[in-house]
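Residue numbers run from 1 in the order of the sequence given.
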Amino acid sequence: MVAVTHATPGFLSLERPAQNAAVNALAKLCIAKNDDWLYSVPAQEIPGGLPDGSLYIFFAQNEVGGFTAMLGSEY
């Protein structure tokens, strides 16, 4: 199971389907690339794309062992 414990304002501004698509993509990446601390999901995998010209959503492991979701422009 993947725990997204924190999110930046930019990620939270995305529509719920876009947020869900990003987290689902993260879960697949975690299975494929077991035990990494930084994952990226390209904009083309997100319904409706991303604002601010961001090309990726990043998920970085944080101090509580979960991941922080953020737009590329916030990384």
Side-chain angles (χ1 to χ4, degrees):
M1 181 174 165
V2 177
V4 177
T5 58
H6 297 77
T8 61
F11 183 82
L12 293 175
S13 73
L14 298 174
E15 297 290 329
R16 182 68 64 175
Q19 292 176 7
N20 290 341
V23 172
N24 289 336
L26 170 65
K28 291 176 187 173
L29 286 170
C30 286
I31 292 169
K33 296 180 175 182
N34 192 8
D35 202 30
D36 205 349
W37 62 273
L38 179 67
Y39 296 96
S40 61
V41 176
Q44 56 264 35
E45 293 188 31
I46 308 302
L50 297 176
D52 300 335
S54 292
L55 300 176
Y56 295 94
I57 291 178
F58 290 103
F59 293 91
Q61 192 169 25
N62 59 41
E63 66 281 350
V64 297
F67 287 90
T68 300
M70 65 194 88
L71 296 180
S73 60
E74 297 174 306
Y75 180 67

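- Pairing each heavy atom of L71 with each of T8, the nearest pair is N-OG1, 4.0 Å.
- For the pair A22 and V41, the tightest heavy-atom approach, listed with the atom from each and the gap, is O-CG2, 4.0 Å.
- Closest approach of H6 to N62, counting heavy atoms only: ND1-ND2, 3.0 Å.
- Rounded to the nearest 0.5 angstrom, L29 CG and N24 CG are separated by 11.0 Å.
- With rounding to the nearest 0.5 Å, the separation of CD in Q61 from CG in D36 is 9.0 Å.
- Side-chain contact between L14 and P51 is present, with heavy atoms from C-beta onward closer than 4.5 Å.
- The backbone N or O of A21 lies less than 3.5 Å from no partner atom in the side chain of E45, so there is not a single donor-acceptor pair.
- Closest non-hydrogen pair, P47 versus P17, comes out as CG-O, 4.1 Å.
- Atom-to-atom distance recorded for T68:OG1 and E63:CD is 6.5 Å, nearest 0.5 angstrom.
- Cluster membership check: V4 shares its hydrophobic cluster with I46, using side-chain heavy-atom separations under 4.5 Å among Ile, Leu, Val, Met, Phe, Trp and Tyr.
- Y39 pairs in a ring pair (Phe, Tyr, Trp, His ring centres under 6.0 Å) with only one of the listed residues (Y56, F67, F59), which is F67.
- Taken from CE in M70 to OG in S40, the straight-line distance is 11.5 Å, to the nearest 0.5 Å.
- When all heavy atoms are compared, the tightest approach of E74 to F11 is OE1-N, 3.7 Å.
- A continuous path of ILVMFWY side-chain contacts below 4.5 Å connects W37 to F58, so both sit in one hydrophobic cluster.
- Considering every non-hydrogen atom in both A43 and L50, the closest pair reads CB-CD1, 3.8 Å.
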